[in-house]
Amino acid sequence: MHAPRVRFAPSPTGYLHVGGARTALFNWLFARRHGGTFILRIEDTDTERSSDEMVSGILESLHWLGLEWDEGPEVGGSHAPYFQTQRYARHREVGERLVAEGHAYPCYCSPDLLKQKREDAERQGLGWKYDRTCLHLALAERQRLEASGISPAIRFNVPPGRTAYTDRVRGAIQFDHDQIEDFVLLRSNRLPTYHLSVVADDLDMRITHVIRGDDHISNTPKHILLWQALGETPPEFAHVPLLLGTDKKRLSKRHGATSVTEYERLGYLSDAMVNFLGLLGWSPGGDREVMSRQELIDAFTLDGISGGDAVFNPEKLDWFNAQYLARLTPEGLVERVKPLLDAAGLWNAAFDGERREWLQRVLALVLSRVRRLPDFVEQARPFLADHVDYDPEAVSKYLAVAELDSHVETLALTLDRVEQWDEAAIECALRDVADIRSIKAATLIHAARIATTGKAVSPGIFEVLALMGKPVTVTRLLALAKFLQAS
RNA sequence: GCCGCUAUCGUCUAGGGGUCAGGACACGUGGUUCUCAGCCACGGGACCGGGGUUCGAAUCCCCGUAGCGGUACCA
């Protein structure tokens with residue numbers, strides 16, 4: 001394929017939505033797959049709701065996902081500017097050209113009148129589209145209106161016929177032109193509408209493939225008509241299905257986290273997010289699931305995009321995240337968890353020095369029960385905090401045993417005499433105590449778990465004690481014995 | 001209302017005129033074991049409905065139905 005040029009054109013009226021992120025991802029994958037150019041264009045024409053803060057939020061999310069753009073904000077490019085509001089003059093020029101060439105015409109109808117006509121039609125249960133009053137204006141009437149100082153809107157003159165095109169995802173699609181009204185290109189305040197801006201910009205930026213959300217499918221004939229009126233060959237179109245919430249409704253705030261930043265904050269890895277999003281509504285055609293960005297790129301085709309809308313399933317995202325967490329190196333793990341430990345007041349300067357490897361082992365030990373980054377903090381807390389609090393439920397579940405205080409004290413004293421502090425020696429010592437006291441090893445194990453972690457669940461106890469070290473273990477065991485005596 | 005798109009396990013999907021309709025997440029059972037997680041094994045679970053075409057349809061066609069989208073001087 002000739003090097004394609006694709007674009008992602010978010011509107012900065014909010015943070016980057018996961019649905020938008022997926023559209024961006026598909027564009028990026030397509031560009032990378034075919035050695036093309038990925039362009040980022042900011043559609044900030046909704047000045048009421050757009051803000052600079054949102055623009056930087058979107059850029060940040062894109063960076064986080066690793067979807068670097070070749071042209072656009074920050075990097076520039078030969079088709080600048082990449083902010084739509086800076087391209088108004090050009091849009092107007094295109095609109096005027098269309099009028100000059102007879103493809104568009106001024107419309108003096110007042111919005112109020114049109115609104116009323118539309119409502120009347122609706123009340124009678126009829127569909128309505130612009131009645132072309134101003135297309136058929138007599139010359140004298142037109143001159144009168146112009147002289148009256150009314151600033152007209154510019155409408156596209158939709159020709160008769162039908163538009164058919166082949167959507168790269170959907171296949172053959174066609175629309176009858178009588179379904180399409182003479183839509184507005186330039187508002188009476190001279191500002192372009194969406195339809196004019198996208199086409200003008202896509203044309204100027206030499207976009208070859210428009211990969212965008214499904215919701216634009218019925219706008220496509222308008223855009224094709226515009227390209228044709230401008231004497232250009234329209235680009236290829238590929239409409240990707242929408243993302244839904246678990247209730248099958250369009251993904252919205254009600255469904256919890258919807259923006260990319262939120263997922264970053266919740267402790268998801270960017271690789272996991274990309275992998276998950278990439279497989280939502282697209283498939284490489286086989287059974288592959290865990291795929292790196294490069295593998296995604298190598299396998300990506302527009303044909304692989306499925307037709308139906310896809311439900312965003314957070315549980316599967318969790319699974320992907322766990323997969324990627326498990327693939328991190330010990331050092332990579334420490335780097336990612338450090339800020340969180342720091343914030344929790346659990347970071348120790350020695351972790352940047354001689355205790356580095358120890359920390360790595362702690363994180364590796366708890367890894368299999370972690371799904372998201374913040375889980376590490378709670379899982380590792382017993383190893384890092386000075387103090388443990390006993391979970392009341394764990395206490396009532398496992399510590400209601402006769403003479404347990406004495407058993408635990410003996411365990412502490414026995415362990416204190418262990419010379420080679422490793423898993424095997426610890427286990428050996430503990431089982432000896434259980435034998436001698438004629439109790440089950442499990443009784444001591446549960447007690448030791450609560451003594452050292454405060455919780456009813458933890459990784460294998462011998463690994464925990466080995467890693468925790470003898471002094472801490474003995475101290476905590478003794479503390480538990482005292483606690484048991486007191487209660 | 002009109003126009004358009006879509007339809008395989010609960011979810012993401014593979015496949016596609018003749019298959020035991022495959023995989024993953026989730027779920028259930030068992031194993032490992034000191035708990036939980038993980039891991040391993042096993043299991044339940046789907047082609048929206050109705051007509052055609054065909055020897056044969058989940059697959060192709062038509063009609064329904066449902067969901068979604070559009071129908072603006074919103075994007």
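A note on names: the letters A, B, ... follow the listed sequences, proteins ahead of strands, and every chain is numbered from 1.
- The side chain of A:Lys248 contributes an N or O atom lying less than 4.0 Å from OP1 or OP2 of B:U11.
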Atom pairs, N/O to N/O, protein against nucleotides 61-64 of chain B, distance under 3.5 Å?
none

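- One atom, NE2 of A:His177, and another, C1' of B:G4, lie 15 Å apart when rounded to the nearest Å.
- Taking the charged nitrogens against the carboxylate oxygens, A:Glu146 and A:Arg142 have no contact shorter than 4.0 Å, which rules out a salt bridge.
- The aromatic rings of A:Phe237 and A:His239 sit parallel, their planes meeting at an angle under 30°, below the 60° perpendicular limit.
- Across all strands shown, B:G49 forms a Watson-Crick or G-U wobble pair with B:C63, both key distances being under 3.5 Å.
- Look at the P atom in both B:A46 and B:G23: the space between them is 14 Å, to the nearest Å.
- A salt bridge between A:Arg369 and A:Glu378 is absent, with no side-chain N of the basic residue lying under 4.0 Å from a carboxylate O of the acidic one.
- For the segment residues 423-444 of chain A, the set of residues with a heavy atom within less than 4.0 Å of an atom of RNA chain B comprises A:Arg431, in numerical order.
- Ion pair A:Asp202/A:Arg41 flagged as a salt bridge, since at least one NZ, NE, NH1 or NH2 atom sits closer than 4.0 Å to an Asp/Glu carboxylate oxygen.
- Contacts classified as salt bridge (charged side-chain N to carboxylate O under 4.0 Å, His left out) and involving residues 446-460 of chain A (residues at least two apart or in different chains) are not found.
- In this structure, A:Lys222 satisfies the cation-pi test against A:Phe183, with its NZ or CZ atom closer than 6.0 Å to the six-membered ring centre and inside 45 degrees of the ring normal.
- Atom CG in A:Asp391 sits about 15 Å away from atom P in B:C36, given to the nearest Å.
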Review point. In B/S/- notation, 5' to 3', how is nucleotides 69-75 of chain B contacted by protein heavy atoms closer than 4.0 Å?
Key: BS-SBSB
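- Within a heavy-atom distance below 4.0 Å of RNA chain B, the residues of residues 298-311 of chain A found are A:Ser306, A:Gly307, A:Gly308, A:Asp309, A:Ala310, A:Val311.
- Taking 3.5 Å as the limit, the base of B:C5 and the side chain of A:Arg170 contain no donor-acceptor pair of atoms between them.
- Remark: B:G44 base-pairs with no nucleotide in the shown strands. Criterion, Watson-Crick or G-U wobble with two distances under 3.5 Å.
- By the 4.0 Å N-to-carboxylate-O rule, A:Arg90 lies close enough to A:Asp204 to be salt-bridged with it.
- Nucleotide B:G4 forms a pair with B:C68, judged by Watson-Crick or G-U wobble geometry with both contacts under 3.5 Å.
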**Study point:** Protein-to-nucleotide contact annotation, 5' to 3' order, nucleotides 19-27 of chain B [B base; S sugar-phosphate only; - none; under 4.0 Å, heavy atom]
**Key:** ---BBBSS-
